[in-house]
Amino acid sequence: MNNMVERMKSNIKKNYLFSFLMNMRLSSGLWMIYMASKGMSLTQIGFLEGIFHVTSLTMEVPTGSVADLFGRKLSRTIGRCLSLVSILVLIGSRNFLHFALFMILAALSYNLESGSGEALVYDSLKYLKKEDNFISVLGRQEAIFQVSSVAALLVGGFLGTYNDSKVAPKMVTPVKDLGHILADSGI
């Protein structure tokens with residue numbers, strides 16, 4: 001019984017960490033510039049953004065059923081794995097269809113994660129008989145989200161601006177190499 005209480009408390013702390021790491025997207029302020037540098041027009045980028053949102057809208061219920069049927073943790077894990085796959089697709093993208101696939105995978109990733117975290121936290125609080133704390137826990141999570149998002153924009157922008165420095169190429173080159181490997185392999 002005591003072990004289960006600790007696990008439920010741990011779910012809440014892990015959710016804070018998950019939220020911080022998930023929103024530490026260094027490419028947040030750069031993905032449109034990246035797509036434009038790969039030949040996408042502003043119109044195409046707008047269509048790609050539309051593909052993301054239409055996919056997200058149409059897949060919200062089906063992906064929610066994954067969490068209901070197989071568990072919230074598994075849904076989040078699959079979402080994170082799809083996020084990684086989507087980034088690999090983005091790195092290797094050469095044309096509109098590749099970028100569309102990136103947006104579809106990114107939307108599915110987002111949908112698999114959305115709601116699962118909140119439901120997991122609520123279930124944990126309910127087990128602990130502290131459901132009344134749900135709004136304050138979500139408030140802390142939102143603050144963590146905002147801090148990590150701003151940090152990601154600043155760090156990502158810095159790395160994007162100073163990509164000719166001695167530090168950035170060492171961080172970016174392996175990613176570029178992976179992109180070339182993926183492109184050469186036809187992925």
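If you read the sequence from its start, that first residue is 1, and numbering goes on from there. Just so you know, these numbers use all the heavy atoms, side chains as well, and skip hydrogens, waters and symmetry mates. Worth saying up front: this structure is predicted, and the values here are computed from it rather than measured.
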Chemist: Test of understanding: with side-chain contact (heavy atoms from CB on, under 4.5 Å), list the residues that count as partners of Asn95, not counting sequence neighbours.
Modeler: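 Asn95 satisfies side-chain contact (heavy atoms from CB on, under 4.5 Å) with Leu97, His98 only.
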Chemist: Side chains of Phe102 and Met35: does their closest heavy-atom pair fall under 4.5 Å?
Modeler: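 Counting from C-beta outward, Phe102 and Met35 do come under 4.5 Å.
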Chemist: Rounded to the nearest 0.5 Å, how far apart are CG of Leu88 and OG of Ser83?
Modeler: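 Answer rounded to 0.5 Å: 9.5 Å.
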Chemist: Among the clusters formed by ILVMFWY side chains lying less than 4.5 Å apart, do Val121 and Met4 turn up in the same one?
Modeler: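 They do share one cluster, since a chain of ILVMFWY contacts under 4.5 Å joins Val121 to Met4.
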Chemist: With rounding to the nearest 0.5 angstrom, report the CE to OG distance, Met40 to Ser93.
Modeler: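 Separation between the atoms: 8.5 Å.
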Chemist: Would you give the length of the straight line joining atom CG of Asn111 to atom CG of Leu57, rounded to the nearest 0.5 angstrom?
Modeler: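 So the CG of Asn111 and the CG of Leu57 are separated by 9.0 Å.
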Chemist: Could you check whether any side-chain heavy atom of Phe96 comes within less than 4.5 Å of a side-chain heavy atom of Phe47, counting everything from C-beta outward?
Modeler: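 Heavy-atom side-chain distance check passes, below 4.5 Å.
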Chemist: side-chain hydrogen bond (donor to acceptor under 3.5 Å, both in side chains) with Thr55: which residues, sequence neighbours excluded?
Modeler: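 Expected list: none.
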Chemist: In Å and rounded to the nearest 0.5 Å, what is the CE to CD1 distance from Met103 to Ile51?
Modeler: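 The distance works out to 8.0 Å.
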Chemist: Is there a continuous path of hydrophobic side-chain contacts, each under 4.5 Å between heavy atoms, that joins Val147 to Leu17?
Modeler: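 Different clusters.
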Chemist: A quick test of your reading: do over 12 heavy atoms of other residues, nucleotides or ligands sit less than 6.0 Å from CG of Leu42?
Modeler: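 Counting neighbours around CG of Leu42, 12 or fewer heavy atoms of other residues, nucleotides or ligands fall under 6.0 Å, so no.
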Chemist: Test of understanding: with side-chain contact (heavy atoms from CB on, under 4.5 Å), list the residues that count as partners of Ser37, not counting sequence neighbours.
Modeler: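 If we apply the side-chain contact (heavy atoms from CB on, under 4.5 Å) test to Ser37, skipping adjacent residues, the hits are Tyr34.
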Chemist: If Ile, Leu, Val, Met, Phe, Trp and Tyr residues are connected whenever their side-chain heavy atoms lie under 4.5 Å apart, and connections chain through other members, are Val54 and Ile45 in the same group?
Modeler: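 No, Val54 does not connect to Ile45 through the hydrophobic network.
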Chemist: Of all residues at least two apart in sequence or in a different chain, which pass the side-chain contact (heavy atoms from CB on, under 4.5 Å) check with Lys130?
Modeler: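 Lys130 satisfies side-chain contact (heavy atoms from CB on, under 4.5 Å) with Leu125, Leu128, Asn133 once adjacent residues are dropped.
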Chemist: Kindly give the heavy-atom pair with the smallest separation between Ser41 and Gln44, and that separation in Å.
Modeler: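 Nearest heavy atoms, Ser41 then Gln44: N-OE1, 2.9 Å.
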Chemist: Phe99 and Lys38: side chain to side chain contact (heavy atoms under 4.5 Å, CB included), yes or no, with the steps?
Modeler: CA-CA 10 Å; Phe99 284 114; Lys38 293 294 187 178; 3.7 Å; yes
Chemist: Excluding sequence neighbours, so at least two apart, what forms side-chain hydrogen bond (donor to acceptor under 3.5 Å, both in side chains) with Arg140?
Modeler: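 Arg140: side-chain hydrogen bond (donor to acceptor under 3.5 Å, both in side chains) contacts with Tyr16.
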Chemist: Using atom types as modelled and distance alone, determine if a side-chain donor or acceptor of Glu118 lies under 3.5 Å from a backbone N or O of Leu138.
Modeler: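 Between the backbone of Leu138 and the side chain of Glu118 there is no qualifying donor-acceptor contact (under 3.5 Å).
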Chemist: By salt bridge (charged side-chain N to carboxylate O under 4.0 Å, His left out), which residues pair with Arg7, not counting sequence neighbours?
Modeler: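 Not a single residue meets the salt bridge (charged side-chain N to carboxylate O under 4.0 Å, His left out) criterion with Arg7.
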Chemist: Which residues pass the side-chain hydrogen bond (donor to acceptor under 3.5 Å, both in side chains) test with Ser116, not counting sequence neighbours?
Modeler: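 If we apply the side-chain hydrogen bond (donor to acceptor under 3.5 Å, both in side chains) test to Ser116, skipping adjacent residues, the hits are Ser75.
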Chemist: Could you tell me which residues satisfy ring-ring contact (aromatic ring centres under 6.0 Å, His included) with Tyr122, sequence neighbours excluded, listed by chain and number?
Modeler: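 Testing Tyr122 for ring-ring contact (aromatic ring centres under 6.0 Å, His included), a comparison that skips the adjacent residues, returns Phe134.
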Chemist: I'd like to check Phe70 versus Ile78 (side-chain heavy atoms, cut-off strictly below 4.5 Å). Are they in contact?
Modeler: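 SC-SC contact between Phe70 and Ile78 ruled out.
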Chemist: If I take atom OG1 from residue Thr63 and atom CG from residue Leu82, how far apart are they, to the nearest 0.5 angstrom?
Modeler: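 Between atom OG1 of Thr63 and atom CG of Leu82 there are 10.5 Å.
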Chemist: Taking all non-hydrogen atoms of both residues, which atom of Gly79 and which atom of Glu113 are closest, and how far apart?
Modeler: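 Closest heavy-atom pair between Gly79 and Glu113: C-OE2, 3.0 Å.
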Chemist: Spell out, yes or no, whether Val61 and Leu69 are grouped together once hydrophobic residues are joined by side-chain heavy atoms under 4.5 Å, including indirect joins.
Modeler: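 Different hydrophobic clusters.
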Chemist: Kindly state each residue pair satisfying salt bridge (charged side-chain N to carboxylate O under 4.0 Å, His left out) with at least one member in residues 47-69, sequence neighbours excluded.
Modeler: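 Output for this query is empty, none listed.
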Chemist: Mind checking who shares a hydrophobic cluster with Val150, ILVMFWY linked at side-chain heavy-atom distances under 4.5 Å?
Modeler: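 Other cluster members: Leu154.
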Chemist: Given 3.5 Å as the limit, does a donor-acceptor pair link the side chain of Ser149 with the main chain of Phe145, or not?
Modeler: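 Confirmed, Ser149 side chain pairs with Phe145 backbone.
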Chemist: Quick one: side-chain contact (heavy atoms from CB on, under 4.5 Å) partners of Asn11, sequence neighbours excluded?
Modeler: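 Testing Asn11 for side-chain contact (heavy atoms from CB on, under 4.5 Å), a comparison that skips the adjacent residues, returns Met8, Lys73, Leu120, Ser124.
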Chemist: Once rounded to the nearest 0.5 Å, what's the spacing between atom CZ of Arg72 and atom CG of Leu112?
Modeler: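 Here the interatomic distance stands at 13.5 Å.
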Chemist: Taking only residues two or more places apart in sequence, or in another chain, which ones meet Glu142 in a side-chain hydrogen bond (donor to acceptor under 3.5 Å, both in side chains)?
Modeler: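 Here the qualifying residues are Gln146.
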Chemist: May I ask you to check whether over 12 heavy atoms, not counting those of Phe52, lie within 6.0 Å of atom CZ?
Modeler: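 More than 12 within 6.0 Å, yes.
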